[in-house]
*Asks:* 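Just passing along the structure, written as C-alpha cells.
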Amino acid sequence: MNDFPAHESATIDSNNTHLHYITYNTGKEPLLMLHGLTANAHAFDGLVASGLTDDFTIISPDQRGRGLSGYPAFAYSIPDHAEDIINLLNHLGIDRINIAGHSFGGLMSFYLAANFPERFNKVVILDAAAEMNPNSLEMLQPTLGRLDKMYPSWDAYLQEIQSAPYNTFWEPAMERYYRADVKPTDEGGVTPRPVLANIIQVAMNVGATEWDCHVREVKQPALLINGLDEYTMGEPLLPECKAIETVEILQDGIYKAVDGNHHTMLYGDGAKQIVKSIREFLQ
C-alpha cells in the first residue's frame, strides 16, 4: 500500500458472508465511506479518505467482495448490503455516524439514510452515477462495455491498479482477487472483468429500485458532489442537470460541482476540492 495512513483490517461474519473492512486514523469522529463497483473505486475512496484522516476516523467496508470477503458482496441484494452495514455499525458500537458514498456507494448511502434515519447524521454523495435513472441498465451498457478495455499484459493492468496514490484494499495478498477478475486473450493481453455477471445483476437490481422514493425520504442534510466532467469507467453517466434534479428533491440538499471526474481526480489533484467540500459540510 502506497504510504497509506495507519490502518487496521478486520472481518466480521454478517448475512452469510465475511465482510472485510478497514478503519484508519482511529480516535476521531467516525465517517463511513462506501465505494463503487470497480477496482478504481477503492483508489478513489482512498485518495479522498487520505485527505480527511486529520479530521475523521474513516471506516470503509469492502462491498465489492475484494479482500477477505467470503464471496463477492455484489452477488446479493441492496437490502442485504444495507443489513451488512448496520451489522458492522452494531459490531463497532456506533449508534450514529456521517456517511459518504461514491457511485454505487452513493446510492447505498441514500438507501441507508432513508431506511435507517436514526443511524446517520449527514450524507455525502460523490458521483452518484445515474443508476437512479429509470433507464439505468441502458445507460450502464457503455460502462459494462468499457470492461472490455484491453491491457497488453497482466503486469500492465496491475501497474495501473497500483499506480493510484492510495488504494484502500490493495495489498500484495489481494493480487489473486484481481487475477480472478481478468480474462486472458490469445495474444497475451488481459481484459478486466470484475465479477461481470454480478455487476449486471446489481445494475438490474438497482434499475428496479425506485430511487426517487428513497431520495425524497432522506431527511438528513445531504451534500451531492458531482464532477463537471462526469465519468464512470469512461462514459458520461450523470450530467449536471441530473445532479441538480436529485438535489432539488432532497429535503435538505446542497450541490457542489468540482473540476474533473473521478478518474482524473484519482490520478491528479482534483480530490482536493472534494476533501475541502466534505470537511466544510461535516464541520
Side-chain angles (χ1 to χ4, degrees), residues 1-14 18-36 38-69 73 81 84-106 108-109 112 119-127 161-175 177-178 223 225 262 265-267 269-283:
M1 202 170 286
N2 301 327
D3 301 321
F4 202 72
H7 66 282
E8 299 176 358
S9 300
T11 303
I12 65 167
D13 290 327
S14 172
H18 306 296
L19 181 65
H20 179 56
Y21 68 96
I22 288 179
T23 59
Y24 32 103
N25 194 41
T26 57
K28 295 183 180 292
E29 180 182 1
L31 172 65
L32 179 68
M33 289 197 70
L34 303 181
H35 53 70
T38 67
N40 275 352
H42 294 313
F44 177 78
D45 289 357
L47 184 62
V48 173
S50 68
L52 294 169
T53 49
D54 287 342
D55 305 287
F56 301 97
T57 294
I58 308 297
I59 302 168
S60 182
D62 184 15
Q63 294 190 111
R64 183 171 180 255
R66 305 270 57 81
L68 303 177
S69 295
H81 282 287
D84 271 353
I85 299 304
I86 298 302
N87 287 344
L88 176 60
L89 295 182
N90 292 340
H91 172 77
L92 296 173
I94 296 174
D95 292 327
R96 295 184 66 89
I97 191 171
N98 295 318
I99 185 171
H102 156 238
S103 189
F104 175 77
M108 282 301 305
S109 298
L112 286 162
R119 304 304 296 268
F120 300 98
N121 294 318
K122 292 184 177 182
V123 184
V124 178
I125 309 298
L126 311 172
D127 287 352
I161 294 298
Q162 293 178 282
S163 66
Y166 300 100
N167 189 328
T168 49
F169 289 98
W170 173 258
E171 295 173 351
M174 304 303 163
E175 182 171 330
Y177 294 97
Y178 287 96
L223 172 67
I225 301 175
H262 85 222
M265 290 167 187
L266 174 59
Y267 297 100
D269 295 327
K272 292 179 181 178
Q273 294 179 63
I274 292 180
V275 168
K276 180 180 179 182
S277 298
I278 295 175
R279 183 182 292 117
E280 291 176 350
F281 175 68
L282 295 182
Q283 294 182 344

*Asks:* Is there side-chain contact between Y21 and I12, with heavy atoms separated by less than 4.5 Å?
*Replies:*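 Counting from C-beta outward, Y21 and I12 do come under 4.5 Å.
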
*Asks:* Roughly how far apart are I225 CD1 and I274 CD1, rounded to 0.5 Å?
*Replies:*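 Separation between the atoms: 5.5 Å.
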
*Asks:* Return the CG to CE distance between L112 and M108, rounded to the nearest 0.5 Å.
*Replies:*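 Rounded to the nearest 0.5 Å, the CG-CE separation comes to 4.5 Å.
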
*Asks:* Under 4.5 Å between any side-chain heavy atoms of L52 and I58, yes or no?
*Replies:*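 Side chain of L52 against side chain of I58, heavy atoms only: contact under 4.5 Å found.
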
*Asks:* Could you check if a side-chain atom of I125 sits within less than 4.5 angstrom of a side-chain atom of V123, using non-hydrogen atoms only?
*Replies:*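 I125 reaches V123 side chain to side chain.
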
*Asks:* In Å and rounded to the nearest 0.5 Å, what is the NE2 to CG distance from H91 to D13?
*Replies:*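 One finds 10.0 Å between NE2 of H91 and CG of D13.
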
*Asks:* For a 4.5 angstrom cut-off between non-hydrogen side-chain atoms, does F56 reach K28?
*Replies:*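 No, every pair of side-chain atoms sits at 4.5 Å or beyond.
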
*Asks:* Evaluate the side-chain proximity of I97 to I59: yes if any heavy-atom separation is below 4.5 Å, no if none is.
*Replies:*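 Sidechains of I97 and I59: in contact.
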
*Asks:* Once you round to the nearest 0.5 Å, how far does CZ of R119 lie from CG of L32?
*Replies:*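 Interatomic distance, R119 CZ to L32 CG, rounded to 0.5 Å: 11.0 Å.
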
*Asks:* Would you please test I278 and V48 for side chain to side chain contact (heavy atoms under 4.5 Å, CB included) and show each step?
*Replies:* CA-CA 9 Å; I278 295 175; V48 173; 4.0 Å; yes

*Asks:* Out of E280, K272, Q273, which residue meets the side-chain contact (heavy atoms from CB on, under 4.5 Å) rule with K276?
*Replies:*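 With K276 as partner, side-chain contact (heavy atoms from CB on, under 4.5 Å) holds for just one option, E280.
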
*Asks:* In Å, rounded to the nearest 0.5 Å, how long is the span from CG of N98 to CD of Q283?
*Replies:*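 One gets 10.0 Å once the value is rounded to the nearest 0.5 Å.
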
